Amino acid sequence: MKKTFAIFIYLILFSLLPVIFFWHIVEDDFMDTIATADGLFKLHELCYAYYHNFAGVVGMTGFSLRPPLPAMSLALFFNLFGHKTVAIFFAYLLPRILVIPLVFLVAEEIMSKFKAYLAATITGFFLFFQTYALSTLKADSFVVLFTLASLYFYLCWKRKKANLYLCLSGLFLAFNLLSKETAMPLSLVLFGAVAFDVVRQKKITRLIYFLIPGVIFYGSYFLVNFMLTKQASPSFFASKLYVSTFFGSFKTYFMTVFYYAGVNFNYGKLYSLQSLIVFIFLSAGVLFLIKSKKYMLVLVPFGLIFFICFLNYKNIQSGVVGNREILHRISPVVPFLSIYLFCGAEYLAKIMHRFLKKISRRNLAICFSLFISFTFIFNYFRSPFALDYTDEEFYVNAQTMLTNKREIRPSDFTLKRNICVVISYPQKEFMVRNLRKYRVSAFPKNYKEIIIFFWAIPAIFLLFFERKYKKYD
């Protein structure tokens with residue numbers, strides 16, 4: 001327990017390294033989040049955006065309220081630090097420094113500390129995950145955080161059978177729903193997976209503990225929204241499902257999952273061979289978890305991809321693999337991919353040991369695990385597009401976020417049918433014109449050496465000094 005806690009704290013410090021060096025500035029959904037925060041900060045009430053035929057879809061007209069949790073966090077720090085970038089920094093800091101430690105806690109439930117540590121840290125070396133999804137001022141980092149927290153406490157409940165853990169799992173699931181619209185499919189999948197597992201164990205009454213937080217928190221949010229707007233859904237455009245979009249979206253989403261994992265057969269023979277090996281490890285990991293009856297870790301990411309394909313987004317159906325919208329929406333899948341890789345390393349080591357009797361299964365698993373780690377670290381730093389940017393999408397470092405003294409002009413509001421509606425987003429001009437001159441376009445000097453050094457210290461310690469080696473049957 002002490003060693004687990006020590007690694008958890010160390011991973012928080014490790015996660016601070018990318019936080020120090022780059023923040024991804026992109027206006028997109030952040031303008032709606034900061035406008036909602038301004039409504040809470042200035043007017044102490046929820047504010048809406050009004051859309052007519054949203055995304056060109058006739059009938060998608062009405063009030064849209066961004067899920068309030070990220071905005072509430074931002075409004076809190078506006079009260080503490082003023083309407084400046086330092087408030088934005090601290091509002092989005094927590095998800096960035098807790099995702100990797102939570103991956104470790106989830107992975108440790110099914111593998112040794114050494115491989116759990118590798119799985120957690122390699123999550124940060126997935127192309128676009130750290131430099132795009134986590135570092136962007138959007139709600140996706142909150143979704144990843146709460147998904148992992150909900151899953152971890154559910155696994156704790158399975159191990160300890162204490163209802164408090166099931167209640168905490170339901171609480172973080174409710175927070176997930178309150179973070180972003182596209183968390184709805186993911187939350188439904190999480191709930192379905194938990195319900196399936198609880199019913200399978202013939203403990204149906206325990207579901208009450210899981211449901212109570214969601215009924216209290218999300219139910220209150222839903223009720224307040226309905227009383228204000230008379231709309232059944234707070235996010236009318238994200239809740240509509242279209243069967244016709246499924247087949248047009250599935251291939252794009254599925255291929256982007258592999259794109260996240262660095263599987264691409266279009267970059268030459270050497271990269272294709274590497275992609276094939278990574279694909280084998282991923283497949284072996286999924287088979288291992290199914291065989292081990294760890295269904296939750298398989299149902300959640302696959303279920304997310306399945307249900308999100310029903311959402312009506314034209315840019316997804318265009319078939320552009322790896323476009324930025326998809327990278328954000330499926331970012332919760334990345335921690336699972338990392339876990340699959342190292343489960344696959346263990347499973348393939350077990351198979352290979354039957355033919356290579358002189359090499360222990362443990363040593364084979366270690367070799368495979370280190371191969372995976374070095375592959376992802378190498379790919380992360382060699383990719384010229386890992387820190388690419390445009391005029392309205394760029395990176396700044398933590399110093400810029402913390403020391404910029406200019407006030408950000410708040411949003412402007414009006415009343416429409418007695419509902420507070422945002423009418424302008426002055427923050428966009430600030431983000432583009434003021435922050436753009438501080439942009440960084442490459443990894444900082446010695447960043448590679450620094451992050452590899454701090455990654456290697458615990459890895460070496462756990463490799464040579466971890467006595468307990470968890471068996472896989």
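Computed from a predicted model, the values in this text were never measured in an experiment.
Side-chain contact between Phe14 and Ile97 is absent, with no heavy atoms from C-beta onward closer than 4.5 Å. Side-chain contact between Phe288 and Ser292: present, with at least one pair of heavy atoms (C-beta onward) separated by less than 4.5 Å. Proximity of Lys138 to Thr33: side-chain heavy atoms (C-beta onward) are nowhere separated by under 4.5 Å. You'll find the side chain of Lys294 reaches within 4.5 Å of the side chain of Ile110, heavy atoms only. In this structure the side chain of Val334 never reaches within 4.5 angstrom of the side chain of Val103, judged on heavy atoms. Side-chain atoms of Ile366 and Arg362, non-hydrogen and from C-beta on, do get closer than 4.5 Å to each other. At a threshold of 4.5 Å between non-hydrogen side-chain atoms, the residues Leu178 and Tyr221 count as touching. Taking the side chain as every heavy atom from C-beta outward, Leu118 and Phe104 never approach each other to under 4.5 Å.
Side-chain contact check for Thr375 and Gln274: no donor-acceptor pair (N or O, by modelled atom type) lies under 3.5 Å.
Ring to ring, Trp455 and Phe374 are close: their centroids are under 6.0 angstrom apart. In this structure, Tyr154 has its ring center at least 6.0 angstrom away from the ring center of Tyr165.
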- Derivation of the ring-ring contact (aromatic ring centres under 6.0 Å, His included) call for Phe89 and Trp23: CA-CA 9 Å; Phe89 175 90; Trp23 285 75; 4.9 Å; yes

- Item | Leu297 vs Leu151, side-chain contact (heavy atoms from CB on, under 4.5 Å): CA-CA, chis, key distance, verdict | CA-CA 9 Å; Leu297 293 171; Leu151 179 60; 3.6 Å; yes

- Query: Which is it for Ser150 and Asn176 under the side-chain hydrogen bond (donor to acceptor under 3.5 Å, both in side chains) test, yes or no, and what are the steps along the way?
  - Reply: CA-CA 9 Å; Ser150 179; Asn176 211 2; over 6 Å; no

- Task: Evaluate the criterion side-chain contact (heavy atoms from CB on, under 4.5 Å) for residue pair Tyr92 and Thr136; output intermediate values, then yes/no.
- Result: CA-CA 9 Å; Tyr92 285 84; Thr136 305; over 6 Å; no

- Task: Evaluate side-chain contact (heavy atoms from CB on, under 4.5 Å) for Lys113 paired with Thr4, printing each intermediate quantity in order.
- Result: CA-CA 8 Å; Lys113 285 183 174 64; Thr4 298; 3.1 Å; yes

- Message: Before you tell me yes or no, could you show the steps for Phe125 and Phe381 under side-chain contact (heavy atoms from CB on, under 4.5 Å), namely the whole-Å CA-CA distance, both residues' side-chain angles and the distance that decides it to 0.1 Å?
- Response: CA-CA 9 Å; Phe125 290 106; Phe381 285 108; 3.9 Å; yes

- Message: Quick one, Phe368 with Phe342, criterion ring-ring contact (aromatic ring centres under 6.0 Å, His included). Give me CA distance, side-chain angles, the key distance, then yes/no.
- Response: CA-CA 8 Å; Phe368 290 156; Phe342 291 92; over 10 Å; no

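Residues passing the side chain to side chain contact (heavy atoms under 4.5 Å, CB included) test with Phe21 are Pro444, Tyr447, sequence neighbours excluded. Considering only residues two or more places apart in sequence or on other chains, Ile208 meets the side chain to side chain contact (heavy atoms under 4.5 Å, CB included) condition with Ile212. Scored by the side chain to side chain donor-acceptor pair (under 3.5 Å) test, Tyr425 finds Asp32 as partners (sequence neighbours excluded). With sequence neighbours excluded, the residues satisfying salt bridge (Lys or Arg N to Asp or Glu O under 4.0 Å) with Lys158 are Asp197. Partners of Phe217 according to the ring-ring contact (aromatic ring centres under 6.0 Å, His included) rule, which considers only residues two or more places apart in sequence or in another chain, are Phe175. The ring-ring contact (aromatic ring centres under 6.0 Å, His included) test applied to Phe126 returns Phe376, not counting sequence neighbours. Residues meeting the salt bridge (Lys or Arg N to Asp or Glu O under 4.0 Å) test with Arg159, sequence neighbours left out: Glu109. Listed by chain and number, the residues in a side chain to side chain contact (heavy atoms under 4.5 Å, CB included) with Ile9 are Phe5, Ile12 (sequence neighbours excluded). Residues meeting the ring-ring contact (aromatic ring centres under 6.0 Å, His included) test with Phe336, sequence neighbours left out: none. With sequence neighbours excluded, no residue satisfies ring-ring contact (aromatic ring centres under 6.0 Å, His included) with Phe371.
One finds the OG atom of Ser169 at 8.5 Å from the CG atom of Leu155 (value rounded to the nearest 0.5 Å). Atom-to-atom distance recorded for Lys160:NZ and Phe153:CZ is 9.5 Å, nearest 0.5 angstrom. Note that the SG atom of Cys167 and the CZ atom of Phe210 stand 10.0 Å from one another [nearest 0.5 Å]. In this structure, Lys115 NZ and Leu341 CG are separated by 13.5 Å, a value rounded to the nearest 0.5 Å. In this structure, CE on Met352 lies 6.5 Å from CG on Leu364, to the nearest 0.5 angstrom. To the nearest 0.5 Å, the span separating CE on Met401 from CZ on Phe90 amounts to 10.5 Å.
Heavy-atom contacts from other residues, nucleotides or ligands closer than 6.0 Å to CZ of Phe77 number more than 12.
Residues Tyr218 and Leu177 come closest through the heavy atom pair CD1-CB, 3.6 Å. The minimum heavy-atom distance linking Ser15 with Pro101 is given by the pair OG-CD, 3.9 Å. The nearest pair of heavy atoms linking Ile100 to Gln130 is CD1-NE2, 4.1 Å. Taking each heavy atom of Arg361 and Ala349 in turn, the nearest pair found is O-CB, 3.7 Å. Here the closest heavy-atom approach between residue Val99 and residue Leu148 is recorded as O-CD1, 3.7 Å. Nearest heavy-atom pair across Ala459 and Phe114 is O-CE1, 3.5 Å.
For the side-chain hydrogen bond (donor to acceptor under 3.5 Å, both in side chains) condition, the pairs that include at least one residue of residues 330-342, sequence neighbours left out, are Thr123-Ser338.
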Please tabulate, one pair per line, all N/O donor-acceptor pairs under 3.5 Å involving side-chain atoms of residues 67-74, not counting sequence neighbours.
from  : atom 1 : to    : atom 2 : distance (Å)
Ser73 : OG     : Ala91 : O      : 3.4

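Between Tyr10 and Tyr117, the ring planes lie tilted relative to each other; the angle falls in the 30° to 60° range.
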